[in-house]
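Hydrogens, waters and symmetry mates play no part in the numbers below; they use all other heavy atoms, side chains included.
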Amino acid sequence: MMDPVATDSSTPSTTRSARASQSPASSNTDKPRRARRTRMTGAERREQLLDIGRTLFADKGFEGTSVEEIAAKAGVSKPVVYEHFGGKEGLYAVVVDREMRQLLGMVTGSLTAGHPRELCEQAAFALLDYIEEYTDGFRILVRDSPIPQSTGTFASLISDIATQVEDILGQEFKTRGFDPKLAPLYAQALVGSVALTGQWWLDVRKPKKAEVAAHLVNLAWHGLDGLEPKPRLIGHRKN
């Protein structure tokens, strides 16, 4: 006797079974589950926005940075930025304030030696260390700030540092018989030259930091070492 031949009547049930085994519920199990986001605290979100803003301000400047871009990089909506800082201006002000305090703190904290030449070395290293470690911050500071700052401008910060150097020079001037009233002028000149050299070194990064510091101190120290108590102009112009 021949075995019974399978008919098409069995196909639908088989097909239905196959389709059932590939139902959406079972196929979804093969898809990787989306990782659940960890919700940031308010303080963590604030720090995140500051880090993102700092990078963007350094790269594009204040005008070239938008709240939309800051929010997008943070993965939040614009209202979150406004909630924490009141807007782009508020975020920028906090970033600049932090960088000003950081730089001033590094320079002030470095002035620990007793010998004036070593103090010059420490001040030069402090500024170069800041440029190296906080490059984005320095790029922000050397730009003209578009909004008023509670801590002033980069120029006022350099002036604050010069005031501290002024005290050191004043004592050295007295020892050498120079007029100590001229110490502020020389302090501004010295600190200003270091700051401008730092802006140049920010992009070229050559020579190495220690060599740059050595040359800065070489110019400053030996320039001071050869100071004339009453310098004269040798050209035809007298005023």
Are [Y] and [X] connected in a single hydrophobic cluster, I mean Ile/Leu/Val/Met/Phe/Trp/Tyr linked by side-chain heavy atoms less than 4.5 Å apart?
| X | Y | answer |
| --- | --- | --- |
| Ile158 | Leu216 | yes |
| Phe125 | Leu190 | no |
| Leu169 | Leu219 | no |
| Val204 | Leu196 | no |

Is the closest side-chain heavy-atom distance between [X] and [Y] below 4.5 Å?
| X | Y | value |
| --- | --- | --- |
| Glu172 | Phe178 | no |
| Phe138 | Leu127 | yes |
| Val107 | Gln164 | no |
| Arg143 | Phe62 | no |
| Ser66 | Lys88 | no |
| Leu104 | Arg101 | no |
| Lys230 | Asp179 | no |

Should Tyr92 and Phe85 be marked as a ring pair (Phe, Tyr, Trp, His ring centres under 6.0 Å) after you check the CA-CA gap, both sets of side-chain angles, and the distance that decides it?
CA-CA 9 Å; Tyr92 183 86; Phe85 300 101; over 10 Å; no
Output yes when a side-chain donor or acceptor of [X] lies under 3.5 Å from a complementary backbone atom of [Y], and no otherwise.
| X | Y | result |
| --- | --- | --- |
| Lys209 | Lys206 | no |
| Gln188 | Leu185 | no |
| Lys78 | Ala71 | no |
| Trp201 | Ile131 | no |

Nearest 0.5 Å please: distance from the CG atom of Asp97 over to the CD atom of Gln102.
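Those atoms lie 12.0 Å apart.
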Verdict with supporting geometry, Arg232 and Glu228, salt bridge (charged side-chain N to carboxylate O under 4.0 Å, His left out)
CA-CA 9 Å; Arg232 298 177 299 106; Glu228 298 174 345; 5.5 Å; no
Tell me the closest heavy-atom pair linking [X] and [Y], and the distance in Å.
| X | Y | value |
| --- | --- | --- |
| Leu91 | Leu50 | CD1-CD2, 3.4 Å |
| Arg54 | Ile140 | O-CD1, 3.4 Å |
| Ala183 | Glu166 | CB-O, 3.7 Å |
| Gly64 | Glu69 | O-OE1, 4.3 Å |

Mind jotting down which residue pairs meet the salt bridge (Lys or Arg N to Asp or Glu O under 4.0 Å) criterion with at least one end in residues 133-142? Sequence neighbours excluded, please.
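Every salt bridge (Lys or Arg N to Asp or Glu O under 4.0 Å) pair that includes a residue of residues 133-142, provided the two are not neighbours, is Arg139-Asp203.
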Verdict with supporting geometry, Tyr130 and Glu99, side-chain hydrogen bond (donor to acceptor under 3.5 Å, both in side chains):
CA-CA 10 Å; Tyr130 174 79; Glu99 294 304 323; 2.6 Å; yes
Side-chain hydrophobic cluster, 4.5 Å single linkage: members besides Val217
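Joined to Val217, directly or through intermediates: Trp221.
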Would one find more than 12 heavy atoms of other residues, nucleotides or ligands at under 6.0 Å from atom NZ of Lys73?
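12 or below, so no.
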